[in-house]
Amino acid sequence: MDKIYEPKQNEEKIYKLWEESGFFNPDNLKNCKKKYVVMIPPPNVTGSLHMGHALDNTIQDLLIRFKRMQGFQTLWMPGTDHAGIATQNVVEKQLVKEGTNRHQLGREKFIERVWQWVKEYGGLIVSQLKLLGCSCDWSRQRFTLDEKYSQAVFEAFVNYWKKGYIYKGPRIVNWCPRCNSAISDLEVKYKPEKTKLWYIKYPYEDDSGYVTVATTRPETMLGDTAVAINPNDERYKNLLDKTIILPVVNRKIKFVADHKIDMTFGTGAVKITPAHDKVDWQIGKTNKLDIINVIGTDAKMTKEAGEDFEGLTTIEAREKIVKLLEQQGLLDKIEDYEHSIGYCDRCSTTIEPIISEQWFVRMDELIKPAIKAVKSGKVKVVPERYHDILINWMENIDDWCISRQLWWGHRIPVYYCSDCKSEAIVSQTKPNKCPHCDSNNIIQDEDTLDTWFSSALWPFAALGWPEKTKNLKEFYPTSFLTTAKDIIFLWVARMIFSSLEFMKEIPFETVYIHATVLNVEGRRMSKSLGTGIDPLELINKYGSDATRFGLMYMTNRDQQAIKFDEQTILACRNFINKLWNIARFIEMNIDNNANLPKTKIEPITLVDEWILSRLNEIISEVTKNIDNCEFGEAGHKIYDFVWHEFADWYLEISKTQVAEDATPEMKANTLVILKYLLKNILCLIHPFAPFVTETIYQNLKDKINLEKSENLLMIDRWPKIEKRFINEKIVSEFEKLKNIIAGIRNYRTTNKIENNKILNISIEDRDVLEYAKIINKLAKVNISSEVAEQTREEIEIENVKIKIRE
RNA sequence: GGGCGCAUAGCUCAGUUGGUUAGAGCGUUACAUUGACAUUGUAAAGGUCCGAGGUUCGAGUCCUCGUGCGCCCACCA
């Protein structure tokens with residue numbers, strides 16, 4: 001074994017060894033009593049490993065390896081997501097570079113192009129997960145646009161349709177003019193922006209005055225069809241019957257009363273544009289107002305906006321209208337104002353609320369069992385605080401807009417007859433002819449489904465649903481899911497209700513929402529801002545194990561953010577190396593004493609008993625910590641125990657126990673304990689740092705195993721707690737000895753005693769004298785029990801008098 | 001507007017049900033180098049536990065208010 005552990009020389013080799021062993025695949029794990037299943041949050045096929053993935057997947061691999069060693073039949077199901085908008089965007093950008101676009105290419109050719117891209121680059125994230133050491137069952141890997149998976153998606157759609165949950169209709173949606181598609185509420189990100197609040201006078205028809213409305217978007221007034229006030233507002237109570245003349249357009253509009261109106265904002269009177277504002281749309285609906293679309297899908301003013309405005313951008317129209325109002329003396333005042341404007345999560349284009357025909361899933365019925373499952377704790381949410389957040393969202397859920405005007409994705413399985421124009425035909429496959437008129441002039445709906453519609457089915461569709469596959473039967477429901485908090489609603493909630501709908505069963509028992517990895521300044525890691533740290537660089541620099549261990553070391557169960565500090569990874573790299581050298585030291589001692597085979601553990605000395613007790617306490621605590629998602633705590637305990645108890649104390653003291661003057665019995669016993677400790681430590685560390693532990697194990701398995709064991713550490717048994725070794729009294733007694741040694745060391749330093757000088761001291765305490773050999777070695781002293789005649793100084797540690805002689 | 005989280009050493013964080021002298025890693029300082037490891041060892045310095053009030057024999061820990069930072073949700077015209 002080399003002096004220093006070199007990750008690069010071992011990681012690839014070891015990963016190959018694991019893969020070839022077949023034990024990532026649960027079918028090859030024999031004699032398992034229970035199952036443990038984790039579905040990977042399928043990364044976007046366009047993705048490249050970032051810090052969030054590194055954390056997310058380290059947690060999953062840690063648990064899978066932990067459970068596998070505990071004898072569970074473990075399945076970690078991998079896959080990638082076709083990621084509608086993201087992937088389409090990537091390929092569209094390529095096309096722009098080539099001087100063309102998707103419309104020139106046409107739908108079919110474009111999709112072909114995307115598939116080509118996926119085949120060429122889609123495997124990147126998977127190869128990166130392997131570098132991280134992920135023990136997924138790659139033989140089961142799925143892609144959300146696989147043929148079989150697509151069938152599941154269509155099955156789900158048809159199912160919802162048959163139950164009356166799916167409807168198509170005009171509704172106000174968040175429209176991204178760049179993507180040329182509707183997006184769901186969850187895909188809109190809001191940013192505060194400084195703007196103006198324009199106060200506009202709307203005159204009454206009878207010339208008796210005017211009502212002033214305040215707006216941030218004067219251009220939308222072209223589509224106004226009412227002015228709303230709060231029914232309790234005294235100021236407007238007697239004006240409700242008045243007819244208003246909408247300036248510029250000169251349309252007659254009326255007052256409506258609605259409780260949604262905040263009397264304290266602006267003038268308490270609000271212009272209502274049902275076609276271009278969500279609230280207005282709702283008010284329009286309850287009051288049966290006309291809808292006038294003045295902004296088109298290209299974010300430009302439409303024909304309905306009038307010929308003076310048609311074709312203008314919203315900003316141009318705004319300027320023109322403000323000018324007109326000013327000329328007509330209808331602009332009351334302009335105030336500075338700050339409010340939030342919505343942007344497309346994918347491309348940061350300003351969202352335009354417009355009315356369009358979209359497909360929706362009615363949520364009121366579907367969500368009920370999901371709420372129940374979470375409330376009852378059948379699905380356990382960790383950390384606890386997300387429980388209420390999730391419930392609250394589910395209880396206030398809106399219908400889900402599932403159609404996207406994209407080409408890359410699952411095309412909506414709805415067909416229309418071009419001849420008889422009868423109602424839509426919903427079918428998993430394209431019908432040969434129209435059931436009404438027998439025409440074979442059938443066309444499919446142009447839209448595709450929201451990517452999250454398919455991801456929502458992941459826990460069971462990836463296992464083969466709707467077919468009753470062996471996989472589905474064996475591995476559903478799953479055990480654990482972990483993900484970032486930003487997709488709790490987008491994904492987690494939707495998996496829960498989809499699973500309850502189609503499987504009549506929860507998708508996972510526990511969902512763990514881990515922290516977000518921020519940089520050390522507490523900012524979001526972002527590629528475009530250059531504030532990110534690339535986990536692959538860390539793996540390259542410090543090794544996969546150090547990266548994993550470091551990430552776990554800084555993760556606390558309930559924390560919401562991790563301020564990522566590279567120093568921790570460095571510290572963990574050193575820890576990995578420490579472990580390596582512990583193994584080297586033990587190997588050296590085994591080799592030096594090859595003539596002393598022994599397999600029974602019989603602690604002789606206090607230190608023996610102490611380390612055995614401590615190890616078993618640590619095993620017990622770490623096991624509990626991991627089961628409770630307390631990965632950081634488990635990591636700290638392992639780190640501290642291995643380095644600062646086992647290496648610093650036991651290993652140092654063991655040197656006296658295997659020294660030449662030690663009895664063969666003492667030597668043999670010490671060796672057994674060293675082997676036992678090393679084996680157990682390797683097991684404990686393996687889920688955190690699989691490569692180095694497996695490397696050491698492959699080097700030393702024949703030397704350190706006390707009983708029959710597996711060829712791979714990966715499938716070896718998780719340490720069993722040996723209660724007989726736990727002894728608190730011994731531990732506190734050893735603590736006393738440690739303190740005495742530390743006290744003498746401290747005396748040496750503060751008195752500037754040269755490092756290589758052996759200090760003569762006397763101790764009369766008989767209990768302490770028993771450990772004279774150890775104290776002599778570790779504190780560089782020479783203890784004598786005789787009463788000292790010449791004493792330079794007397795110190796007292798732990799009630800033990802220590803006389804320092806010349 | 002509603003909700004959640006955080007604030008402890010120069011930096012990143014632990015601190016369990018309130019209980020002696022508040023801990024760790026990194027960094028800093030001093031000393032140590034041929035037998036596991038300098039990616040090391042030993043020791044040290046370093047803290048008004050954000051502020052104010054309260055409960056208590058006792059508060060980093062519990063309560064109230066405030067300040068600063070971060071996050072989420074919402075129909076902020």
Does [N] pair with anything, Watson-Crick or G-U wobble, both distances under 3.5 Å, and if so, with which nucleotide?
N: B:A24; result: B:U12
N: B:G41; result: B:C31
N: B:A36; result: none
N: B:C6; result: B:G68
N: B:C57; result: B:G19

For the side chain of A:Ser340 and the base of B:C76, is some donor closer than 3.5 Å to an acceptor across the two? yes
Can you tell me whether the side chain of A:Arg745 and the base of B:U42 have a donor-acceptor pair closer than 3.5 Å? no
Between [N] atom [atom2] and [X] atom [atom1], what is the distance in whole Å?
X: A:Ile576; N: B:A36; atom1: CD1; atom2: P; answer: 21 Å
X: A:Arg557; N: B:C13; atom1: CZ; atom2: C1'; answer: 17 Å
X: A:Gln560; N: B:C4; atom1: CD; atom2: P; answer: 12 Å
X: A:Met525; N: B:G70; atom1: CE; atom2: P; answer: 17 Å
X: A:Leu518; N: B:C13; atom1: CG; atom2: P; answer: 9 Å
X: A:Lys260; N: B:A77; atom1: NZ; atom2: P; answer: 15 Å
X: A:Arg748; N: B:A44; atom1: CZ; atom2: C1'; answer: 16 Å

Under a 4.0 Å N-O cut-off, is there an ion pair linking A:Lys624 with A:Glu633? no
Presence of salt bridge, A:Glu335 and A:Lys333, under 4.0 angstrom: yes
Mind checking if [X] touches a base, just sugar-phosphate, or nothing, with heavy atoms under 4.0 Å?
X: A:Lys578; answer: base
X: A:Val213; answer: nothing
X: A:Asp280; answer: nothing

Classify the ring geometry between A:Trp649 and A:Phe734 as parallel (under 30°), tilted (30 to 60°) or perpendicular (over 60°). perpendicular
Taking the inter-plane angle between the rings of A:Tyr337 and A:His339 on a 0 to 90° scale, is it parallel (under 30°), tilted (30 to 60°) or perpendicular (over 60°)? tilted
Which of these nucleotides, [options], is closest to any side-chain atom of [X]?
X: A:Phe585; options: B:A77, B:C26, B:A36; result: B:A36
X: A:Gln559; options: B:U39, B:C76, B:A14; result: B:A14
X: A:Asn581; options: B:A36, B:U39, B:G25; result: B:A36

Contact under 4.0 Å: [X] side-chain N or O vs [N] OP1/OP2:
X: A:His339; N: B:A77; result: yes
X: A:Lys271; N: B:A77; result: no
X: A:Asn556; N: B:C13; result: no
X: A:His636; N: B:C13; result: no

Between [M] and [N] - [atom1] atom distance, rounded Å:
N: B:U33; M: B:U42; atom1: P; answer: 15 Å
N: B:A44; M: B:G23; atom1: P; answer: 12 Å
N: B:A32; M: B:U16; atom1: C1'; answer: 39 Å

A side-chain contact here means heavy atoms from C-beta on lying under 4.5 Å apart; do A:Thr693 and A:Leu579 qualify? yes
